[in-house]
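None of these values were measured; they are calculated from a predicted model. The sequence lines fix the lettering, A, B, ..., with proteins before strands; numbering per chain opens at 1.
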Protein chains: 2
Amino acid sequence: MTHLDPNFFHQQLQFTRTFTKKLNEQLKKAGIFHSQWLIVFYLKQFETATLVEISNYLNVEKPTITRTVHRLEEQELIKKIPSNDKRERRIMLTEKGIKVFEEAKQVVDEFERKLLEDLSSQDLNATENTIKHLIERLQEG
Amino acid sequence: MTHLDPNFFHQQLQFTRTFTKKLNEQLKKAGIFHSQWLIVFYLKQFETATLVEISNYLNVEKPTITRTVHRLEEQELIKKIPSNDKRERRIMLTEKGIKVFEEAKQVVDEFERKLLEDLSSQDLNATENTIKHLIERLQEG
DNA sequence: GGGATATAGTTACTTAAGTAACTAATTTTA
DNA sequence: TAAAATTAGTTACTTAAGTAACTATATCCC
């Protein structure tokens, strides 16, 4: 029962703050922000989506998704597609959106590759398990 | 060379988002937010501090600290103390601030204890090492 | 001593995410 | 089938963090 560094959680927060900061610097090349990347990435995988689908997948509240999608629309990276359910707003990537995805993917892949370069897969797996466990714990309570 | 789940970083971000969200719910009992807690915690440890000291310790930009300290001042949890250097704003906890620290500490300790309850210390240590390594990597580049 | 440089903090503006309360459309159910 | 409940999305407001540009003070050093 070793004693845990009291900074354990503080470090987690610091990491994610710095991570998004540095990744946003890189993503300027592709003309989008990290928050937009997450949605563009989702749309490339699943072709179309509603805001609620994105919200559930990313585990981010709906108003946040509304805003980010709105900015993607202004940049003409996504477009609306017809839907039977008049409440929902079903969207997909435009051609410009797909191009931006390709550019951003290279940036993100390279950024993440460099970060993980010389970490052992044991440590990475342990970390992944720990974080998964912590997320589950948070969602229970 | 196992392939890493592409959601590795996404999970990190999701964890910290949910963590601060849930902790903020708990901290309502003490009447402060997580961002304020970090500063109150620092002041309890080090007695006095300037905004730059706090900024460096928490690795958060100065304008963010200015704002959070301003709110702590409004709630009368901190007070200004004299300094020879007229540029700096040296602060310390008020008595009310110390009381809030005590309340918040119980909330935070219990919250973190429950989260870590049944995680092995191996996994925790591996996670801590990984995060430390990742932070260093981010700060190099 | 005085100009150049560095440091502490603030202001204005932006991105990101959250809550609460709402509208409009759809589905359930009595 | 009509009222009740649920679902999708938006609006308004708040917390949190960032950048750029600024003021005021202190330090360096020629």
Side-chain angles (χ1 to χ4, degrees), chain A residues 10 12-28 31-40 48-75 78 80-91 138, chain B residues 10 12-28 31-40 48-75 78 80-91 138:
Chain A
H10 178 230
Q12 295 275 342
L13 306 204
Q14 191 184 321
F15 167 67
T16 58
R17 261 206 326 274
T18 315
F19 176 86
T20 51
K21 192 167 147 180
K22 299 276 180 179
L23 182 50
N24 274 333
E25 281 171 23
Q26 293 301 309
L27 277 172
K28 271 182 187 160
I32 57 172
F33 291 98
H34 174 248
S35 59
Q36 296 178 293
W37 161 251
L38 294 176
I39 293 177
V40 167
T48 77
T50 66
L51 303 208
V52 164
E53 279 163 18
I54 296 169
S55 171
N56 290 336
Y57 179 77
L58 298 180
N59 203 32
V60 164
E61 297 299 323
K62 289 185 296 176
T64 304
I65 304 298
T66 298
R67 276 188 297 272
T68 310
V69 164
H70 187 69
R71 278 204 300 273
L72 287 170
E73 214 162 14
E74 283 174 340
Q75 289 176 258
I78 60 156
K80 221 183 141 185
I81 59 174
S83 163
N84 289 333
D85 190 332
K86 282 177 192 168
R87 289 170 306 179
E88 73 180 24
R89 203 171 139 204
R90 186 161 286 276
I91 57 171
L138 283 170
Chain B
H10 178 231
Q12 296 274 343
L13 307 204
Q14 190 184 322
F15 167 67
T16 57
R17 262 204 327 273
T18 315
F19 176 86
T20 50
K21 191 167 148 180
K22 299 277 179 180
L23 182 49
N24 274 333
E25 281 171 24
Q26 294 300 308
L27 278 173
K28 271 182 188 161
I32 58 173
F33 291 98
H34 174 249
S35 60
Q36 297 177 291
W37 161 249
L38 294 176
I39 293 177
V40 167
T48 77
T50 66
L51 303 209
V52 164
E53 279 163 19
I54 297 170
S55 171
N56 290 337
Y57 180 76
L58 298 180
N59 202 33
V60 163
E61 298 298 324
K62 290 185 296 176
T64 304
I65 304 298
T66 298
R67 277 187 297 273
T68 310
V69 164
H70 187 68
R71 279 204 300 274
L72 286 171
E73 215 161 14
E74 282 175 340
Q75 290 173 259
I78 60 156
K80 222 183 140 185
I81 59 175
S83 164
N84 289 333
D85 191 330
K86 282 179 191 166
R87 287 170 307 177
E88 72 180 23
R89 205 172 137 203
R90 186 160 288 277
I91 56 170
L138 283 170

Is the shortest side-chain heavy-atom distance between B:Arg71 and B:Ile32 below 4.5 Å? no
Atom-pair distance (CG on B:Leu13; C1' on D:dA16), nearest Å: 15 Å
Whole-Å distance, A:Lys86 NZ to C:dT23 C1', equals 16 Å
Out of D:dA8, C:dT15, D:dG18, which has the shortest distance to the side chain of A:Arg71? C:dT15
Are B:Val60 and A:Arg17 close enough, and set up right, to give a side-chain contact (heavy atoms from CB on, under 4.5 Å), and what steps lead you there? CA-CA 9 Å; B:Val60 163; A:Arg17 261 206 326 274; 3.3 Å; yes
From the set D:dA26, D:dT7, D:dA16, return the single nucleotide nearest to any side-chain atom of A:Arg87. D:dT7
Side chain of B:Phe33: nearest nucleotide among C:dA20, D:dG9, D:dT15? D:dT15
Going by modelled atom types, is there a donor-acceptor pair between the base of D:dG9 and the side chain of A:Lys62 at under 3.5 Å? yes
Could you please name the option among D:dG18, C:dG9, D:dG9 that lies closest to any side-chain atom of A:Glu88? D:dG9
What's the closest nucleotide to the side chain of A:Asp85 if the choices are C:dT26, C:dG18, C:dT10? C:dT26
Heavy atoms under 4.0 Å, any strand shown: does A:Asn56 hit a base, just sugar-phosphate, or nothing? nothing
Using a 4.0 Å heavy-atom cut-off, does B:Arg67 contact any base of the nucleic acid, only the sugar-phosphate backbone, or nothing at all? base
Can you tell me which residue among B:Asn84, B:Thr50, B:Thr48 is in a side-chain hydrogen bond (donor to acceptor under 3.5 Å, both in side chains) with B:Arg90? B:Thr48
The answer to which of B:Asn24 and A:Thr66 contacts DNA chain D further toward the 5' end, by nearest nucleotide, is A:Thr66
Can you measure A:Glu61 atom CD to C:dT15 atom P for me and round it to whole angstrom units? 21 Å
Report the nucleotide, chosen from D:dA17, C:dG9, D:dG9, that has the shortest atom-to-atom distance to any side-chain atom of B:Thr50. C:dG9
